[in-house]
Structures are given as structure tokens and as C-alpha cells.
Amino acid sequence: MNSKTLLKQTEEHLDVLCSVIGERRVGGEGNRAATDYVKNKFQEAGWATEETLLPVMDWRTEGAQLICGKASFEVFSSPYSLGCSVQGELLPVDTLGKLKKSDTSGKIVFLYGKIASEQIMPKNFVFYNPEEHQQIIAVLEQKNPKALVCATARDSACAGGVYPFPLFEDGDFEIPSVYMKDTEGEKLLACSGQRVALESKAQRIPEKAYNVIARKNGSSQKRIVITAHIDAKIGTSGAIDNATGVAVLLLLSELLKDYKGKYGIELVAFNGEDYYAVPGQMKYIEQNEGKFGDIALNINIDGAGYIEGMSCFSAFELPDDFQKKLNEVICKNPGIVEGLPWVQGDHSIFLQYGCPAIAVSSNWFIEHIADQDITHTPKDNLSIVNYERIPECALAISEFIHSLDQKK
């Protein structure tokens with residue numbers, strides 16, 4: 001298959017995922033349409049497919065408002081939070097220590113400053129959950145205030161490029177919350193101790209989502225698992241995060257459809273990487289309990305195809321022969337460089353289970369992961385995609401996999 005054909009397919013896939021379908025939030029119609037599209041493309045290429053049902057939660061809001069006397073403040077419903085219509089004394093809290101000492105009964109707690117400086121990990125998130133985050137959740141649940149108002153700045157490494165970021169994005173956390181800009185929070189401090197009224201018109205909706213897996217058996221029990229998450233954040237078409245990764249998977253379904261090497265191949269469209277409960281990833285772990293030793297390698301694509309700079313392949317714990325083959329592929333492809341290590345992706349799951357991995361992304365994003373303002377925002381659209389990088393990554397991955405069957 002020549003590069004011109006692959007480029008045309010790339011354009012078609014990205015147009016469907018980002019323009020025709022658009023938002024692919026977990027639980028939404030667009031998300032289910034995207035998984036149907038990917039499953040059909042896998043089947044057209046002759047792969048055996050599996051679709052795994054995931055009970056999830058959709059979420060919607062009609063907005064929020066906060067009033068103190070005659071003053072109103074711009075606030076936003078925290079994603080996946082319960083809605084509320086409450087009144088109470090505003091209690092400002094800027095540290096965990098102060099929270100522990102405060103009487104929050106019947107009050108609306110205003111979190112700002114240090115305690116609101118980074119996004120709090122969901123209470124049941126198993127892959128990364130700092131002790132202080134767990135304590136904040138536990139203390140709030142024990143003290144059970146009426147609601148939370150959170151003033152935040154930017155936390156690109158954990159929350160993406162949004163400003164302000166939602167301090168809580170957790171459907172398992174039952175205290176209603178809203179968030180606001182840190183600058184708006186500075187004005188709200190003047191209402192400390194006064195009675196405020198908070199309304200958040202948010203609702204949780206039980207829904208369904210799916211993982212999609214395509215398989216091709218090799219001559220050995222060892223398999224290579226190639227992953228990309230299909231979901232996107234609420235309010236974004238998720239071009240770089242991660243329609244481009246899904247497009248690479250779809251190109252690989254064509255490039256590897258006649259593969260007859262020794263490894264089994266799995267193409268996995270995960271559902272939930274940008275969702276508080278990572279349901280697709282958790283289901284995959286459950287399905288592969290005791291089988292991770294059969295995985296020779298994970299290749300995870302997330303953030304590929306940014307318009308600026310080159311693609312990058314970051315290696316984690318590769319066997320020497322795999323590393324040598326990867327180096328050879330990178331040397332042959334001037335648009336690809338060896339990337340810095342990064343952990344904000346699904347390859348971390350495989351690393352935690354002792355599997356070597358390669359993370360495929362855009363070099364610019366990895367170098368600017370802590371200060372970019374694009375991901376998880378409407379800026380993440382097709383205007384920032386270098387389409388030629390997508391087939392370039394797919395061809396390099398295919399070349400690398402075929403090279404593993406060659407004698408050392």
C-alpha cells in the first residue's frame with residue numbers, strides 16, 4: 001500500500017472521527033458511533049473482532065451560577081459531578097491542614113490556593129493517586145459540606161490545557177462541586193463567612209460504551225498489543241487526543257492484515273483514557289488477569305500527528321533485540337525521533353504489569369506536556385494536525401513489527 005493511499009485513508013478516518021462524529025465523550029452517541037466505525041473497518045480488513053460492553057455514565061449540564069448578595073460569579077459545573085441547588089455560609093479553605101480543622105457542617109466550602117493547585121485524582125483511580133489527594137477526598141466525605149466551589153489556574157500535566165481546570169472530575173465523588181478561574185476566586189474571597197447561593201444544573205445518565213479489539217494469531221503464544229484510546233474529553237473533537245492514534249490503528253489494520261509472523265497481533269481501541277473511571281482499561285486488565293506474561297510488547301499511540309515538529313517513539317524496558325530494531329527503524333525515518341519518557345498514557349498500564357512498551361506521540365507535545373494549552377480544549381481540532389505524520393507512524397510501526405521476525 002503506497003503512502004498516497006494511506007494519506008487518503010488518514011484524511012477519511014479523521015474527517016469521520018472529528019467532523020462527522022465530533023465529540024466522543026464516554027457514554028455519548030458520538031463515542032458509540034466511533035466504536036462502530038472502528039469495528040467495521042477492522043472487519044473489512046479481515047480481522048477477528050471483539051466488542052466489549054462497558055457500563056458507563058454520560059453527563060450533561062445546563063450551566064451553574066453562584067450568587068453572594070447582589071454579586072454573581074462565573075462558575076462551571078464540575079464534569080460528572082452531581083447537580084445541586086443549595087445555600088449556606090461560604091467557608092474558604094486553602095490547605096489540607098485547614099480543611100481538617102474546619103467545621104464544614106451546612107456550609108459551602110471554597111477551595112483555593114495550595115489545595116486547589118493540581119487536579120485531584122478520582123477516588124477510585126488505581127494507576128496514580130497521591131496520598132494527599134486521597135486524604136482530601138476522605139476528609140471532605142467525612143465532613144460532608146453542602147457543596148464545593150473550587151478556584152483553579154492551569155495544570156497541563158494532569159488536566160490538559162484547560163483554564164480553569166476542574167479540580168474534581170469524578171463520578172464516584174458524591175459532593176456537588178463547581179469550579180472557577182483563580183482570578184474569579186480572588187474576588188469571591190470577599191464573601192468569606194457570608195451566605196451564598198449555588199446552583200449547578202448537572203445530571204448523571206447511565207449509558208453504554210465499548211472497547212473494540214481486533215486480533216490476528218501468530219505462530220507463538222506471545223502477542224504484540226497496539227493500543228489507542230478512542231474517547232475524547234467533553235467539548236472537544238479530540239483530534240490529537242486521540243483521533244490520530246485511532247487513525248494509526250486503522251491504517252495498521254490494513255498494513256498488517258496479511259501478517260503471518262510469529263507474534264499474535266491485537267489492535268485495541270480503548271474507551272476511557274480521558275474519563276474518570278478508565279472503564280475500558282480496567283475491563284482489559286480484568287480480561288487479561290494472569291495473561292500479561294504473554295504480551296511481548298505494547299505499542300501505544302496517543303498525541304501523534306501534531307502540526308509542529310516530528311513524531312517520537314519513546315521506548316520503555318525494551319529487550320536489547322527490540323531496542324536495536326527500533327533504533328534501525330528510527331534511523332530510516334527522518335520524521336521520527338527517539339522520544340523522552342512520559343507516563344500519561346495507556347502504555348503505563350502495561351509497564352505496571354511488567355510488559356515492555358513503546359509510546360508513539362508528537363515530540364512537541366512530550367517536550368511541552370506541562371505547559372501546553374491545547375489538549376482537552378476546543379483547540380484540539382483538525383487544524384493542528386499534520387496528516388502526513390499519521391501514515392508515517394503507521395508505516396514505521398509496521399516495519400518494526402515485521403523486522404522482529406527477521407533473524408538477528
Side-chain angles (χ1 to χ4, degrees), residues 10-11 13-35 37 58-65 74-81 119 150-169 177-184 200-202 205 209 228-247 271-276 301-309 344-345 361-362 364-366 368-387 389-390:
T10 297
E11 292 169 349
H13 295 325
L14 291 179
D15 180 63
V16 169
L17 292 169
C18 296
S19 299
V20 178
I21 293 175
E23 186 188 80
R24 302 182 307 281
R25 71 181 188 276
V26 172
E29 291 182 8
N31 183 278
R32 290 187 290 275
T35 52
Y37 177 76
D58 194 9
W59 178 87
R60 296 169 194 165
T61 182
E62 296 179 5
Q65 63 176 1
E74 185 179 34
V75 293
F76 312 95
S77 304
S78 298
Y80 304 103
S81 171
Q119 190 170 53
C150 313
T152 63
R154 196 183 294 280
D155 181 18
S156 297
C158 290
V162 293
Y163 170 66
F165 66 87
L167 188 63
F168 299 95
E169 189 167 340
S177 71
V178 298
Y179 64 105
M180 58 169 39
K181 293 181 179 179
D182 52 349
T183 51
E184 191 80 346
S200 177
K201 299 177 181 179
I205 306 160
H229 73 86
I230 198 167
D231 59 300
K233 282 288 188 182
I234 295 172
T236 170
S237 62
I240 296 294
D241 187 20
N242 184 38
T244 52
V246 175
N271 218 329
E273 200 268 353
D274 276 330
Y275 177 77
Y276 72 92
I301 309 109
D302 195 350
Y306 184 55
I307 197 167
E308 183 175 336
Q344 296 93 329
S361 192
S362 300
W364 185 93
F365 264 105
I366 302 310
H368 294 83
I369 203 163
D371 57 22
Q372 56 85 23
D373 64 352
I374 296 170
T375 57
H376 302 177
T377 79
K379 293 181 182 180
D380 185 6
N381 57 56
L382 291 178
S383 70
I384 64 169
V385 174
N386 181 340
Y387 285 79
R389 293 289 181 228
I390 309 311

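Because the structure is a prediction, the values reported are computed rather than measured.
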| query | Do the side chain of T244 and the main chain of A304 share a donor and acceptor less than 3.5 angstrom apart? | reply | yes

| query | L382 and A239: which non-hydrogen atoms are nearest, and at how many Å? | reply | N-CB, 3.8 Å

| request: Indicate yes or no for a side-chain donor-acceptor contact from R24 to the backbone of G238 under 3.5 Å, with no hydrogens or angles considered. | output: yes

| task | Check side chain to side chain donor-acceptor pair (under 3.5 Å) between S177 and all other residues, then give those that pass, not counting sequence neighbours. | result | S78

| field | Contacts of type salt bridge (charged side-chain N to carboxylate O under 4.0 Å, His left out), residue E273, not counting sequence neighbours | value | none

| task | Nearest 0.5 Å please: distance from the CG atom of N271 over to the CG atom of D231. | result | 5.0 Å

| field | D380 side chain to D241 backbone, donor-acceptor under 3.5 Å | value | yes

| Partner residues of T35 under the side chain to side chain donor-acceptor pair (under 3.5 Å) criterion, sequence neighbours left out | none

| If you measure from CD1 on I384 to NZ on K379, what distance do you get to the nearest 0.5 Å? | 10.0 Å

| query | Taking all atoms of both residues into account, what is the closest heavy-atom pair of N381 and S237, and its distance? | reply | CA-OG, 3.8 Å

| For S77 and G63, which heavy atoms make the closest approach, and how far apart are they? | OG-O, 3.6 Å

| field | Member of T375, T377, D274 meeting the side-chain contact (heavy atoms from CB on, under 4.5 Å) criterion with K233 | value | D274

| Does any N or O in the side chain of Q119 come within less than 3.5 Å of the main-chain N or O of P166, such that one atom is a donor and the other an acceptor? | yes

| task | For residues S200 and V178, report the shortest heavy-atom separation together with the two atoms involved. | result | CB-CG1, 3.9 Å

| field | Qualifying residues under ring-ring contact (aromatic ring centres under 6.0 Å, His included), relative to Y37, sequence neighbours excluded | value | H13

| request: Check each of Y80, W59, F168 against Y276 using the ring pair (Phe, Tyr, Trp, His ring centres under 6.0 Å) test, and report the only one that passes. | output: Y80

| Got a second to check how far H368's NE2 is from S362's OG, nearest 0.5 Å? | 12.5 Å

| task | Only counting residues at least two apart or in another chain, list the ones meeting side-chain contact (heavy atoms from CB on, under 4.5 Å) with Q65. | result | I67, E199

| message | Suppose we screen for side chain to side chain donor-acceptor pair (under 3.5 Å). Which residues come up paired with N386, at least two apart in sequence or across chains? | response | none

| task | Determine yes or no for a side-chain-to-main-chain donor-acceptor pair under 3.5 angstrom, with N242 supplying the side chain and I230 the backbone. | result | no

| field | Non-hydrogen atoms of A209 and N31 that approach each other most closely | value | CB-OD1, 3.9 Å

| query | Between G245 and I301, which heavy-atom pair has the shortest distance, and what is it? | reply | CA-CG2, 3.6 Å

| message | Using a 3.5 Å distance criterion without hydrogens, assess whether the side chain of E23 forms a donor-acceptor pair with backbone atoms of R25. | response | no

| remark: Those residues at least two apart in sequence (or on a different chain) that pass side-chain contact (heavy atoms from CB on, under 4.5 Å) with Q344 are A157, W342, I369

| message | Please evaluate residues L167 and Y179 with respect to the criterion side chain to side chain contact (heavy atoms under 4.5 Å, CB included), reporting the C-alpha separation (whole Å), side-chain torsions for both, the decisive distance (0.1 Å), and the verdict. | response | CA-CA 7 Å; L167 188 63; Y179 64 105; 5.6 Å; no

Let me check something: any side-chain donor-acceptor pairs from residues 14-21 under 3.5 Å, sequence neighbours excluded? List them with distances.
none

| field | salt bridge (charged side-chain N to carboxylate O under 4.0 Å, His left out) against K201, all qualifying residues, sequence neighbours excluded | value | none

| task | Just jot down the side chain to side chain donor-acceptor pair (under 3.5 Å) partners of R389, sequence neighbours excluded, or say none. | result | E392

| task | Using ring-ring contact (aromatic ring centres under 6.0 Å, His included) as the criterion, list what pairs up with Y306, not counting sequence neighbours. | result | W364, F365

| task | Give a yes or no answer on whether the side chain of T152 reaches the backbone of F165 with a donor-acceptor pair at less than 3.5 Å. | result | yes

| request: Taking side-chain contact (heavy atoms from CB on, under 4.5 Å) as the test, write out the residues that go with T183, two or more places apart. | output: Y163, K181

